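Here is the structure we will look at.
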Protein chains: 2
Amino acid sequence: MYAVKAMPRPRSLTPAQLADAALAVLDRDGLTGLTMRAVGAQLGTSTMALYRYVADRDELESLVVERVLDGVDMRPPADGPWPDGIRELVDRVRAAVGAHPAVVPLLPAHRHRSPGILRWGEAALAVLTRGGFAGTRRVVAFRALLAYVVGAIQMEHLGALAGPGTAVIAALPRAEFPLLAETARAAGAVGPDDEFGGGLDLLLDGLARQLDG
Amino acid sequence: MYAVKAMPRPRSLTPAQLADAALAVLDRDGLTGLTMRAVGAQLGTSTMALYRYVADRDELESLVVERVLDGVDMRPPADGPWPDGIRELVDRVRAAVGAHPAVVPLLPAHRHRSPGILRWGEAALAVLTRGGFAGTRRVVAFRALLAYVVGAIQMEHLGALAGPGTAVIAALPRAEFPLLAETARAAGAVGPDDEFGGGLDLLLDGLARQLDG
DNA sequence: GCTGTAGGTGTACAACGTACTCCTACAACC
DNA sequence: GGTTGTAGGAGTACGTTGTACACCTACAGC
């Protein structure tokens with residue numbers, strides 16, 4: 001292996017450039033616009049050149065997810081009450097994802113393989129552990145937190161009740177969905193941050209109560 | 001309009017048959033296998049005949065979602081403590097979806113338009129209202145509940161921590177993700193029901209605490 | 001310079017959603 | 001019971017997707 005006869009042409013792209021280009025396409029044209037051809041055009045290369053960097057479209061999506069999560073500070077906040085630490089961690093991913101809403105549909109599918117999401121999980125577990133959670137309780141707490149965050153972020157970017165989506169529901173047949181219509185109207189006074197944070201607080205309160213009891 | 005000259009050939013399919021066929025394809029071949037051609041073949045009709053019943057593939061998916069939710073009892077439980085009512089409602093949808101796991105990725109996108117999901121929301125709001133929630137609090141409670149349910153169901157069927165997905169995480173590099181690895185091992189002792197229900201209980205505890213305080 | 005390697009390009013194909021055109025079968029009339 | 005108008009169903013065809021394959025190309029090392 002040490003006596004290599006010749007070295008090939010060096011790569012003209014970095015994975016980071018590829019990820020940036022794909023993210024740019026995603027931000028501009030949405031998830032349906034994220035095609036191999038579009039990313040190739042964005043980079044000024046052929047479509048097939050991308051396959052020297054990723055095995056398939058799925059891997060390209062992974063690259064995008066990772067790129068969005070790259071800017072997130074994944075260090076667990078070390079001081080302060082543990083619920084504040086969780087809130088901080090949650091807010092960081094929420095902000096990062098909010099800057100690129102089109103990645104939202106990709107998150108559930110890439111949840112297992114994404115190093116970024118795994119690092120976030122590790123940080124969240126560190127905070128929970130510091131708060132006193134261990135064993136089965138920690139498993140359930142962690143999963144509940146993840147479920148809420150995943151669900152709430154999706155709700156937020158697929159038409160929140162507080163937001164443009166409200167109008168749709170407010171126009172529902174009153175007779176059939178009286179409570180939904182009423183709730184949709186009341187939701188106008190609740191901002192996305194209050195909605196997201198309020199739900200998280202409910203979960204954190206439940207966790208705190210479990211620690212006490 | 002009353003003197004119609006001739007009546008056309010009657011439809012040979014019912015929407016229900018179409019929904020059943022699509023659901024059968026979805027169950028058998030997964031979401032990627034749910035194509036117009038496959039559903040046409042399943043029904044023994046041409047592909048294009050489907051377009052007499054649905055405008056496009058998206059509408060076909062709506063039909064499938066509705067079919068899955070059709071069997072769910074959407075009447076809000078009228079007696080017993082309100083948290084038990086919520087648990088009951090949540091368990092019903094979870095069971096229905098669990099019988100057709102491949103629909104899970106469709107749920108977030110169809111959340112707004114699906115009459116079935118709307119009816120579920122109305123029922124959940126009825127229970128929350130009976131429990132004493134109103135105004136802004138009810139908005140936040142409802143949204144938090146929905147976020148948790150949507151998120152938890154997706155986590156459950158896209159590889160739960162307690163479940164087959166555990167193995168993937170348990171194989172993580174220990175040095176980099178010590179807590180995740182440990183949690184994955186501990187998760188082996190937690191069944192999916194305990195995991196799902198435990199998280200829901202945390203949220204319900206938070207809600208109950210809010211009502212008291 | 002020569003050369004071997006891996007990078008980049010172009011072509012091609014199967015499968016998808018669906019627009020368009022034609023044929024067909026039935027209910028309502030004489 | 002034949003005729004007819006209507007909407008349903010079938011067939012064909014097109015643009016777009018991911019990607020397999022075969023080819024050419026440019027550079028590091030001799």
Side-chain angles (χ1 to χ4, degrees), chain A residues 1-26 28-65 102 105-106 109-110 113, chain B residues 1-26 28-65 102 105-106 109-110 113:
Chain A
M1 288 297 260
Y2 49 88
V4 180
K5 285 253 186 116
M7 286 298 283
R9 181 196 336 206
R11 303 174 88 92
S12 57
L13 260 51
T14 66
Q17 284 176 310
L18 181 51
D20 282 341
L23 185 53
V25 172
L26 182 65
R28 174 164 29 88
D29 304 328
L31 188 55
T32 62
L34 182 66
T35 68
M36 302 303 274
R37 285 169 171 81
V39 175
Q42 173 81 17
L43 286 165
T45 74
S46 74
T47 305
M48 294 311 292
L50 305 182
Y51 287 90
R52 299 283 174 182
Y53 298 85
V54 293
D56 50 24
R57 198 197 156 189
D58 200 67
E59 209 172 297
L60 182 72
E61 290 180 357
S62 298
L63 234 48
V64 173
V65 170
L106 298 179
H110 289 80
R113 325 166 252 181
Chain B
M1 289 295 262
Y2 49 87
V4 180
K5 286 253 185 119
M7 286 298 284
R9 165 169 30 178
R11 305 173 86 92
S12 56
L13 260 51
T14 65
Q17 283 176 310
L18 181 51
D20 282 341
L23 185 53
V25 172
L26 182 64
R28 174 162 31 85
D29 304 330
L31 189 54
T32 62
L34 182 64
T35 68
M36 303 302 275
R37 288 173 224 271
V39 175
Q42 173 79 19
L43 286 166
T45 75
S46 74
T47 304
M48 294 311 292
L50 306 182
Y51 287 90
R52 299 283 175 183
Y53 299 85
V54 292
D56 50 24
R57 197 193 163 205
D58 199 67
E59 207 171 299
L60 181 72
E61 290 180 357
S62 298
L63 233 49
V64 173
V65 170
L106 298 179
H110 290 79
R113 324 166 253 180

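Lettering of chains follows the sequences in order, A, B, ..., and the numbering in each one begins at 1. Hydrogens, waters and symmetry mates play no part in the numbers below; they use all other heavy atoms, side chains included. Bear in mind the structure is a predicted one, so any value in this text is a computation, not a measurement.
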Which heavy atom in [X] sits nearest to a heavy atom in [Y], and how many Å separate them?
{"X": "Arg57(A)", "Y": "Leu31(A)", "result": "NH2-O, 3.6 Å"}
{"X": "Gly33(A)", "Y": "Ala38(A)", "result": "O-CB, 3.5 Å"}
{"X": "Leu50(A)", "Y": "Met36(A)", "result": "CD1-O, 3.2 Å"}
{"X": "Glu59(B)", "Y": "Val54(B)", "result": "OE2-CA, 3.6 Å"}
{"X": "Leu34(B)", "Y": "Glu61(B)", "result": "CD2-CG, 4.4 Å"}
{"X": "Asp58(B)", "Y": "Arg113(B)", "result": "OD2-NH1, 2.6 Å"}

message: Base, sugar-phosphate or nothing for Ala49(A)? Non-hydrogen atoms, less than 4.0 Å.
response: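 The residue Ala49(A) makes base contact.
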**Prompt:** Donor-acceptor pair under 3.5 Å: do we get one between Arg52(A)'s side chain and the base of dG8(C)?
**Reply:**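 A donor-acceptor contact between them is present.
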Checklist entry - Can you find a side chain N or O atom of Tyr51(A) that sits less than 4.0 Å from OP1 or OP2 on dC21(D)? => result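 No, Tyr51(A) has no side-chain N/O under 4.0 Å of OP1/OP2 on dC21(D).
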Quick check for you: among [options], whose closest atom lies nearest to any side-chain atom of [X]?
{"X": "Thr47(B)", "options": "dA27(C), dT18(C), dG18(D)", "answer": "dT18(C)"}
{"X": "Tyr53(B)", "options": "dG9(D), dT18(C), dT9(C)", "answer": "dG9(D)"}
{"X": "Met48(B)", "options": "dG18(D), dA10(D), dT11(C)", "answer": "dA10(D)"}
{"X": "Thr35(A)", "options": "dT6(D), dG18(D), dT18(C)", "answer": "dG18(D)"}

Nearest-angstrom distance from the residue atom [atom1] of [X] to [atom2] of [N]:
{"X": "Leu60(A)", "N": "dT19(D)", "atom1": "CG", "atom2": "C1'", "answer": "13 Å"}
{"X": "Leu43(B)", "N": "dA10(D)", "atom1": "CG", "atom2": "P", "answer": "10 Å"}
{"X": "Met7(B)", "N": "dG8(D)", "atom1": "CE", "atom2": "C1'", "answer": "12 Å"}
{"X": "Arg37(A)", "N": "dT9(C)", "atom1": "CZ", "atom2": "C1'", "answer": "13 Å"}
{"X": "Met36(B)", "N": "dG11(D)", "atom1": "CE", "atom2": "P", "answer": "16 Å"}

Side-chain atoms of residues 17-26 of chain A: list all donor-acceptor pairs with protein atoms under 3.5 Å, sequence neighbours left out, distances to 0.1 Å.
residue	atom	partner	partner atom	Å
Gln17(A)	OE1	Thr14(A)	N	2.9
Asp20(A)	OD1	Arg67(A)	NE	2.6
Asp20(A)	OD1	Arg67(A)	NH2	3.1
Asp20(A)	OD2	Arg67(A)	NH2	3.0

Q. Which residues in residues 9-21 of chain A have at least one heavy atom lying under 4.0 Å from any atom of DNA chain D?
A.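 When residues 9-21 of chain A is checked for heavy atoms under 4.0 Å from DNA chain D, the hits, listed by number, are Arg9(A), Pro10(A).
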Practice task
Assign each of Asp58(B) and Gly44(A) to its nearest nucleotide of DNA chain C by heavy atoms, then name whichever residue's nucleotide is nearer the 5' end.
Solution key: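 Upstream on the strand: Gly44(A).
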